[in-house]
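Read the structure below first, then the notes.
In this text, all values refer to a predicted model and were calculated from it rather than measured experimentally. Excluded from the calculations below are hydrogen atoms, water molecules and symmetry mates; all remaining heavy atoms, backbone and side chain alike, are included.
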Amino acid sequence: MAFFWKRPRASRLAGKKLLSKQSSGIELTIPTHFRCPISLDLMKDPVTLSTGITYDRESIEKWIRDGNQTCPVTNQVLTNFDQIPNHMIRRMIQDWCVENRAHGVERIPTPRTPITSYDIMEICSKMMAAASKGDAKRCLDLVEKINVWAKESEQNKSLIKDNGLGYVLAASFEAFSFEEHEDLLKEILLLLTWMFPLGVEGRSKLGSTQSLRCMTWLLSVDDLLLKKSCVLALKELLSTDQTHVNTLVDIDGVPEALINLINAPDSHSVKKSSFSVIYHILSTQTGHNKLSPRFLELGVVELSLEALVEADKGLSEMALGVLDRISDSKEGREKVQKHALSVPLLVKKILRVSSLATDFCVSLLWKFSKNGDGSALVEALHVGAFQKLLLMLQVNCCEETKVKATEMLKLMNQYKNKLECFDSGHYKYLRKSY
């Protein structure tokens with residue numbers, strides 16, 4: 001079996017675009033045993049499995065990560081997943097590349113030796129020792145080394161995540177003050193964001209008062225990537241254990257920092273995570289009582305409604321969640337209800353985003369109808385809530401939402417003289433049903 005490469009065409013060898021010179025009809029035959037049986041690309045880091053078949057390391061690692069337990073070529077069950085570097089094939093490929101340099105083929109570099117669990121354990125020990133001594137420079141050097149490892153391959157990343165390094169980094173983050181060691185804390189936090197979810201011990205370190213104060217301070221630093229890492233860390237903590245809210249609400253500047261992130265331009269993912277953090281804060285009694293008034297002052301209602309206008313699914317769900325939680329208080333509910341966009345947007349989002357978004361929309365309209373003078377319900381009827389609520393009862397939604405929708409439909413009976421926008425057929429169906 002032979003593979004051909006024509007120089008005038010674009011090709012992929014060694015993961016890079018080959019150099020090309022104007023030449024006519026020259027064909028370069030690539031030996032079959034130099035190609036990975038999975039990707040059919042020239043192997044950059046050939047490794048041999050227990051079945052004796054050689055693959056490119058990146059391709060076979062992805063094959064195994066996807067849950068496959070057989071050899072792709074022989075279909076034999078792998079007794080182990082050891083990958084032995086095939087130095088002979090790699091040298092032959094490098095020699096072949098050098099021989100064909102005139103045809104634009106680049107020599108593949110000699111691959112680095114993959115890290116092992118022992119390497120991870122060793123660096124964990126060194127980092128804990130440096131943190132206990134307050135040696136920030138040593139810690140920063142080790143963090144940079146971990147960064148290099150992570151960039152080399154996905155296999156390295158998996159080893160780093162699976163061998164307790166997340167806890168060590170979280171403990172190191174807690175050990176240093178943000179006033180003196182901003183660079184170190186920044187690098188640690190950037191590393192931690194792709195190690196989530198952390199274990200219980202790691203979350204306890206990252207959720208300590210010292211760590212949360214540090215993250216709140218870093219949210220004010222003029223670095224969007226760092227702010228994104230901070231808010232992702234807060235989202236991870238609060239979504240897995242809301243007891244951290246009790247610590248977070250006593251730290252000055254949290255509402256201001258989150259609202260500033262929502263106002264930041266060109267930061268969709270940051271905005272979504274910020275709404276998520278606010279939602280988790282307001283979902284607890286302590287967080288709602290202490291921070292709800294401040295969020296109202298900072299304009300969270302207006303920002304949430306603005307986010308709903310052209311938001312995607314995830315952002316819409318979080319913005320609606322914030323509105324629903326802020327409406328648990330009388331002041332919050334009145335402010336949401338008085339906004340001109342509230343009722344039209346809520347009705348519009350029913351059955352158009354997701355089941356969770358529909359639940360939030362119905363919950364908000366129900367709160368308006370139960371605690372107001374009925375004006376919100378009448379406005380909802382004029383913008384199509386009647387038809388949507390009837391349709392919603394026929395689809396698969398949670399029982400609590402159906403109960404609230406049914407209660408609102410019953411309340412419509414009390415406003416029959418205000419149902420001029422509906423034809424007699426709709427009103428007769430309403431009377432017949434309730």
Where is the tightest heavy-atom contact between [X] and [Y], given as atom of each residue plus distance?
| X | Y | answer |
| --- | --- | --- |
| Cys230 | Leu189 | SG-CD2, 3.2 Å |
| Thr110 | Arg107 | OG1-NH2, 4.1 Å |
| Gly287 | Leu282 | O-CD2, 4.4 Å |
| Gly202 | Tyr167 | N-CD1, 3.7 Å |
| Pro72 | Tyr55 | CD-OH, 3.1 Å |
| Ala340 | Glu379 | O-OE2, 4.2 Å |

Should the pair [X]-[Y] be classified as a salt bridge under the 4.0 Å nitrogen-to-oxygen rule?
| X | Y | answer |
| --- | --- | --- |
| Lys335 | Glu331 | no |
| Lys404 | Glu400 | yes |
| Lys137 | Asp141 | yes |
| Lys367 | Asp324 | yes |
| Arg294 | Glu256 | yes |

Walk me through it: do His244 and His280 pass the test side-chain contact (heavy atoms from CB on, under 4.5 Å)? CA-CA 10 Å; His244 294 301; His280 288 298; over 6 Å; no
Under a 4.5 Å cut-off applied to non-hydrogen side-chain atoms, are [X] and [Y] in contact?
| X | Y | answer |
| --- | --- | --- |
| Phe295 | Val322 | no |
| Ile38 | Ile60 | yes |
| Ile278 | Ile259 | yes |
| Met127 | Val143 | yes |
| Ile64 | Glu61 | no |
| Leu159 | Ser117 | yes |
| Thr216 | Phe178 | no |
| Leu206 | Leu192 | yes |

Around atom [atom1] of [X], are there more than 12 heavy atoms of other residues, nucleotides or ligands at under 6.0 Å?
| X | atom1 | result |
| --- | --- | --- |
| Lys157 | NZ | yes |
| Lys402 | NZ | yes |
| Glu297 | CD | yes |
| Glu58 | CD | no |
| Glu407 | CD | yes |
| Lys272 | NZ | no |
| Asp252 | CG | no |
| Glu144 | CD | yes |

Can any side-chain N or O of [X] pair as donor or acceptor with the backbone N or O of [Y] at less than 3.5 Å?
| X | Y | result |
| --- | --- | --- |
| Ser363 | Asp359 | no |
| Thr358 | Leu351 | yes |
| Asn86 | Pro46 | no |
| His103 | Val105 | no |
| Ser125 | Met121 | no |
| Ser273 | Val270 | no |
| Lys388 | Lys348 | yes |
| Ser220 | Trp217 | yes |

Enter the distance from Ile89:CD1 to Trp96:CH2 here, rounded to the nearest 0.5 Å.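 One finds 13.0 Å between CD1 of Ile89 and CH2 of Trp96.
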Worked check of side-chain contact (heavy atoms from CB on, under 4.5 Å) between Ile188 and Phe176: CA-CA 11 Å; Ile188 290 176; Phe176 292 94; 5.5 Å; no
Where do Val347 and Leu365 land on the side-chain contact (heavy atoms from CB on, under 4.5 Å) test, with the steps shown first? CA-CA 8 Å; Val347 174; Leu365 292 172; 4.2 Å; yes
Gln76 and Thr51: side chain donor to acceptor below 3.5 Å: no
Do Thr243 and Asn246 pair up side chain to side chain, a donor and an acceptor below 3.5 Å, judged on atom types alone? no
Can you check salt bridge (Lys or Arg N to Asp or Glu O under 4.0 Å) on Asp241 and Arg203, steps first, answer last? CA-CA 9 Å; Asp241 186 355; Arg203 292 199 302 270; 5.6 Å; no
Passes side-chain contact (heavy atoms from CB on, under 4.5 Å), Met215 versus Phe173? Steps please. CA-CA 10 Å; Met215 281 188 273; Phe173 187 85; 3.9 Å; yes
